[in-house]
Amino acid sequence: MNTKSISIGIDLGTTNSLIACFDEGETKIIPNALGNYLTPSVVSVLDNGEFIVGEAARERLITNPEKTAALFKRSMGTSRKISLNNQFFSSQELSALVLKSLKEDAESYLGMPVTDAVISVPAYFNDHQRRATIEAGHIAGLTVERLISEPTAAALAYGLHTREEELKFLIFDLGGGTFDVSVIDLFDNLLEVRAVSGDNFLGGENFDQLIVQAFLSENCLETGSLSTQEQAHIIKQARNLKMALSVSVSAEMTCRIGDKDYQLRLTQSQFESLCEALLEKLRIPLKQALADAKIRTQDLDELILVGGSTKMPMIRSFAGRIFRKYPLCSINPDEVVVTGAAIAAAMKDRNETLKENIMTDVCPFTLGIETAHRHGRILESDIYFPIIERNTTIPCSKVERFGTLTDNQTDIRCAVYQGESRKASENILIGEMEVHVKGAPAGQEVVDIRFTYDINGILEVEITIVSTNVTTRQVFLSNGNTMTEEEVDDCLKKLAALKIHPRENAVYRHLIEKGERIYQESLGDRRQYISRVLSDFYAVLEKQDLNETERFATKLSKMLDEWDQGGELE
Ligand code: AMP
């Protein structure tokens, strides 16, 4: 066996994972046993009790779903146990199986043992999730001395760390089901994640769905009249058509349904027109991340595209249009993160410094409750209603109002979940509460449900029945860590301060009243300007984001003082 040491980087992804080595100045992505670079992060257990990982396991998601697990990275660092053929596994354990499989692929490719690796994690992973990732490596027989944030890895892959000047850049990561945006500042070997934002329900699958809809309407077909297999077949063909459109200006799909062939032909520009609304949706997290990072579009030095969906030409030109610059996309977007992880491993092995200032003050997952929707006489249940969205700056406190769904409903059950799926039952159930109201016509009795969440994973849920003003409270530990009772008490004391809805806070109330007074005392343009600023302040208060509210309030307070002394408008 070869005894030379080679630096190894791993991209442990939600859907796919990759392993790469850095040797003699270049990064090589290592193929798996099937010769593919992407290994699906899927684990399945066979009838003989053997575990399999990757493509073969992914096939079994359809044939043996109860013996197969996917998307387990989403519960990394939580107490969730995933059932596989009546055995229960943590996310670390399943991730360890993926890591072990990657390690074995690398060992057989390199002809030497692989013992150390740098693994990438999302920028918004908290301490528990990072520790769980290191633990997964440990179970797989790997020493993980360093983790690297995915956006940082992307920056390294494009060599941004070798540039002399200070750089500000944005990572546009559009995958299969999610869109992640990070704004990074790189200065003097220190990479700082300035802001993260995203949309947990926006990714390649939404583009597939638009093609499916176009196919159905072109051929006068309805989903209701198709079998599950036929629907799955159409989705698969739609995805193939989407991918074909990434390399040619027009493409077509054919699906045999019954004994007839149905077709859809699309050009790139027709596809782009179909996707207009989706492209609009991408703008929201982009704006949010830039606003949070306090960086203007024109101040960005670079734009990096990551994730399979950025292979679509329309996404590249969309990103280029918004930021008025050519995005960096010369590296295959599937391979950017693993390339950076391997470079980070080489830097570590050479003892080169690379400091990362990570974000530990964002909520790494969405917290919400199960709700139902009424469509006429049909009640659709199992719908997840997010209250605190993933990536929200923490600590935070948010309140939402809900009404009864049926006439004379007296019990209101509040099932609290953590996760990103639209269906409540596909998320992690953290706990349940129930309150009782008096019987009344549907929708008349309402409750305010407040979630207050802090950096230690303490979630306090309060339900207030609006008609009686009675409040019921319960505390949940959302990240499965164990804390002593005193620690929990300490955290709760800190949380108490947060629960003041910004609207109810005396300081903000005073600013509003002062603003209203100055408005009354003013005339003309000044009056209109004050009115606009006050409306903006109301909008910020409505968002219930304490940090943003505080920032706005400080600015407003200064403005009001100046106006009060007869100062000029900005
Ligand atoms: P990721 O989560 O980064 O692996 O991205 C997976 C998503 O990228 C899926 O929705 C794929 O359909 C999409 N994707 C992969 N390759 C292409 C391609 N060549 N053109 C368009 N979308 C693609």
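First listed ligand is number 1; within each ligand, the first listed atom is number 1. Along the sequence shown, residues are numbered consecutively beginning with 1. What you see is a predicted model; the values in this text were computed from it and never measured. Computation of the quantities below employed the complete heavy-atom set of this structure, encompassing side-chain atoms and omitting hydrogens, waters and symmetry-equivalent molecules.
- A salt bridge is absent between D299 and K168: the closest approach of a Lys/Arg side-chain nitrogen to an acidic carboxylate oxygen does not fall below 4.0 angstrom.
- Within ligand 1, the atoms closer than 4.0 Å to a non-hydrogen atom of M312 are 21 (C), numbered from 1 in the order shown.
- The shortest non-hydrogen separation linking D334 to G307 is OD1-C, 4.5 Å.
- Distances from atom 10 (O) of ligand 1 to the heavy atoms of G204, A244, P313 show the closest one on G204.
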Between D301 and R163, is a salt bridge (Lys or Arg N to Asp or Glu O under 4.0 Å) present by the stated rule, with each step listed?
CA-CA 12 Å; D301 298 297; R163 302 228 208 134; over 6 Å; no
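- Atom 19 (N) of ligand 1 has as its closest protein heavy atom K311 CD, 3.4 Å.
- Under 4.0 Å from ligand 1, the heavy atoms of S246 that appear belong solely to its side chain.
- Taking distance alone, with nitrogen or oxygen atoms compared against 3.5 Å, G307 stays at or beyond that limit from ligand 1.
- Of the listed residues (G13, G176, S41), the one carrying the non-hydrogen atom nearest atom 2 (O) of ligand 1 is G176.
- Checked by distance only, ligand 1 and R239 stay at 3.5 Å or farther apart across all their nitrogen or oxygen atoms.
- Between the side chains of S41 and S17, a donor-acceptor pair is found at a separation under 3.5 Å.
- When hydrogens are left out, the protein atom nearest atom 12 (O) of ligand 1 is K242 NZ, 2.7 Å; that is the closest non-hydrogen contact.
- Residue contacts with ligand 1: L174 is placed with no nitrogen or oxygen under 3.5 Å of a nitrogen or oxygen of the ligand (distance criterion only).
- Counting only heavy atoms from C-beta outward, the side chains of F172 and V306 never approach each other to under 4.5 Å.
- A salt bridge between K73 and E150 is present, with a side-chain N of the basic residue lying under 4.0 Å from a carboxylate O of the acidic one.
- Between the side chains of R265 and S250, at least one donor N or O lies within less than 3.5 Å of an accepting N or O.
- Near M243, meaning under 4.0 Å from one of its heavy atoms, ligand 1 places the atoms 11 (C), 12 (O), 14 (N), 15 (C), 16 (N), 17 (C), 18 (C), 20 (N).
- Among protein heavy atoms, atom 14 (N) of ligand 1 sits closest to G308 O, 3.5 Å.
- The existence of a salt bridge linking R58 and E55 is excluded, since no basic side-chain nitrogen approaches an acidic carboxylate oxygen closer than 4.0 Å.
- Between S309 and ligand 1 there is a heavy-atom distance shorter than 4.0 Å.
- The ligand atoms of ligand 1 that sit less than 4.0 angstrom from a heavy atom of N16 are 4 (O).
- Note on K28 versus E26: no salt bridge recorded, every NZ/NE/NH1/NH2 to OD/OE distance being 4.0 Å or above.
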